[in-house]
Enquirer: 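Quick one: structure below, then a few questions.
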Amino acid sequence: MFWRILIACAVILWVFAGTIFYYLIQNESTVQLCAVCPSKTETGWTFGQSFYYSVQTGLSIGFGLLSESKDWSRAYSIFHILMGSSVIAGCLSWFASATLERHSCHCDHSERELARFAHACHVDGYDGFSWVNLRDLMVKYPQFAEDFVYKLDKDHQKVTEFHEKFEKAGFYEKQNMAIKLIQRAHNELGCFKDKNGQISIDDIVKVHEESSSLVKIAQMKVAENLSAILTWAAWFIWIGLGAIVASTSCGWSWIRGIYFAVAACSTAGLEAICYAGEEYVVLSGLYCLFGVPIFGLALGRIAGVLVDKHMARKNHQKLHERITSSEMQFAKHILGHSPDSKIDASEFLQIQLLRTGAVDKETLEQIKDNFTQLADGKDYITRDMCMKGYELLGR
């Protein structure tokens with residue numbers, strides 16, 4: 001939150017610093033109020049015109065509706081453009097990205113619920129839940145009980161009936177229903193016959209995925225790609241708003257309105273909005289201020305997908321390539337022993353992480369140094385030390 005406030009203040013300061021400067025410098029401007037009206041020269045920009053010029057110059061759009069007439073103004077614009085096209089553009093993109101990705105997380109929502117429940121029960125859910133744990137889980141999160149119902153009966157109607165009955169049941173009745181369901185799963189699906197009579201988070205998530213309907217699958221896919229969907233939805237809505245305002249205020253066709261919106265947000269600046277009034281100039285400035293980072297973020301999503309696919313192919317290829325002698329020599333330097341020595345699983349993992357570029361040498365050495373400090377001469381650390389490691393290192 002602190003960084004968002006700081007970035008917002010920096011952007012506001014940058015915009016209004018430029019606005020005040022252009023307002024005070026008294027540039028002359030030539031304005032044509034309509035297509036058939038004669039041009040007229042005005043001395044000194046209005047505050048709205050100054051705001052508009054501050055945004056369109058700082059973001060390197062360059063509509064051309066206004067032009068500077070004084071060298072001191074041009075000198076300031078050099079600094080204003082350099083700041084806007086680098087620092088401010090980056091801040092705007094980060095702010096837009098952070099706003100659209102507030103709920104991004106690498107793990108599935110169902111898995112997070114299971115992990116929270118396991119933590120509340122003081123058990124390792126990935127190692128396994130007992131019968132009692134699973135009963136309490138089904139009572140607290142009925143969707144997992146419904147998953148087992150579908151797994152057993154393969155009928156969504158039965159799931160609906162179970163859901164309605166379970167909702168109306170009291171606490172102890174819910175526990176009895178969960179126990180009966182667990183017994184059926186034990187007898188018919190073979191649950192609890194391995195892992196010392198326990199079932200893990202991974203097993204429950206697998207059942208959840210297998211029992212999902214098309215609607216649930218679609219919802220999960222939407223949740224997985226929510227950030228990209230929000231980004232592109234924001235982009236289409238913003239382009240539509242710009243096209244509507246430009247078309248209605250200037251009497252343009254829809255194509256020309258969309259042309260203005262895309263040119264403005266992409267910083268091409270091929271079409272300036274007509275000077276239909278002071279309010280439209282201010283709206284144009286605001287439109288560009290928010291539209292440019294949204295446009296950049298949308299294009300960044302496409303680039304990100306392409307880069308991710310390329311890196312996945314590259315990593316897959318690298319993992320299946322033969323380890324070269326030069327890579328083994330580098331491994332000798334990192335691991336601290338001869339490449340002819342035996343390599344254990346952790347060392348093999350380090351070599352592969354370095355080969356694929358997933359981690360660099362300095363980061364790997366920093367991680368090893370942190371472990372050495374936490375282990376304090378031992379060859380292991382406790383789980384609590386692992387979770388609180390950076391707090392302990394900071395002391």
Side-chain angles (χ1 to χ4, degrees), residues 2-4 6-7 10 85-108 111-112 115 126 224-225 227-228 231 293 296-395:
F2 170 76
W3 287 107
R4 291 187 188 183
L6 187 64
I7 287 172
S85 60
S86 55
V87 178
I88 301 301
C91 289
L92 286 169
S93 295
W94 181 89
F95 189 82
S97 177
T99 301
L100 292 170
E101 293 183 358
R102 285 178 301 174
H103 305 295
S104 63
C105 185
H106 293 294
C107 57
D108 178 74
E111 190 170 351
R112 293 200 302 272
Y126 290 95
E224 288 173 8
N225 300 284
S227 181
T231 301
L297 198 59
L299 292 183
R301 291 294 178 193
I302 297 177
V305 170
L306 296 176
V307 169
D308 288 344
K309 287 184 177 180
H310 170 72
M311 292 305 298
R313 285 195 300 268
K314 187 177 177 181
N315 287 341
H316 184 269
Q317 182 182 358
K318 194 70 176 176
L319 285 172
H320 289 81
E321 283 181 355
R322 177 178 174 271
I323 298 177
T324 64
S325 57
S326 60
E327 288 173 333
M328 287 306 299
Q329 287 294 330
F330 184 66
K332 174 186 176 182
H333 172 69
I334 295 295
L335 302 177
H337 60 64
S338 171
D340 296 330
S341 305
K342 292 181 179 179
I343 296 175
D344 61 28
S346 75
E347 292 172 338
F348 180 74
L349 178 62
Q350 293 176 52
I351 293 171
Q352 293 290 32
L353 287 173
L354 290 166
R355 290 182 71 221
T356 57
V359 66
D360 56 42
K361 171 189 168 186
E362 289 74 19
T363 302
L364 193 59
E365 288 180 343
Q366 181 63 53
I367 293 171
K368 291 168 73 174
D369 289 342
N370 289 349
F371 179 84
T372 302
Q373 292 179 48
L374 291 170
D376 195 21
K378 300 176 184 176
D379 58 356
Y380 68 91
I381 60 174
T382 64
R383 178 178 175 178
D384 186 59
M385 289 179 68
C386 183
M387 294 174 68
K388 298 181 180 179
Y390 291 101
E391 295 177 15
L392 297 172
L393 289 173
R395 291 177 181 175

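Excluded from the calculations below are hydrogen atoms, water molecules and symmetry mates; all remaining heavy atoms, backbone and side chain alike, are included.
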Enquirer: Is it true that the side chains of Q366 and N370 contain a donor and an acceptor less than 3.5 Å apart?
Expert: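 Their side chains do contain a donor-acceptor pair, which is all the 3.5 Å distance test asks for.
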Enquirer: Can you tell me how far CZ of F348 sits from CG of L353, rounded to the nearest 0.5 angstrom?
Expert: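 Atom-to-atom, L353:CG and F348:CZ are 10.0 Å apart.
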Enquirer: For T363, enumerate each residue passing the side-chain hydrogen bond (donor to acceptor under 3.5 Å, both in side chains) test, keeping only those at least two apart in sequence or located in another chain.
Expert: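 Partners of T363 by the side-chain hydrogen bond (donor to acceptor under 3.5 Å, both in side chains) criterion, ordered by chain and then number, come out as D360.
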Enquirer: Can you sort out the partners of Q317 under side-chain contact (heavy atoms from CB on, under 4.5 Å), two or more places apart, ordered by chain and number?
Expert: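 Q317 satisfies side-chain contact (heavy atoms from CB on, under 4.5 Å) with E321 once adjacent residues are dropped.
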Enquirer: Distance from L354 atom CG to I351 atom CD1, nearest 0.5 Å?
Expert: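 Interatomic distance, L354 CG to I351 CD1, rounded to 0.5 Å: 8.0 Å.
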Enquirer: Do K361 and L364 come within less than 4.5 Å of each other through their side chains, counting heavy atoms only?
Expert: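 No - every pair of side-chain heavy atoms lies 4.5 Å or more apart.
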Enquirer: If I take atom CG from residue D379 and atom OG1 from residue T372, how far apart are they, to the nearest 0.5 angstrom?
Expert: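 Atom-to-atom, D379:CG and T372:OG1 are 11.5 Å apart.
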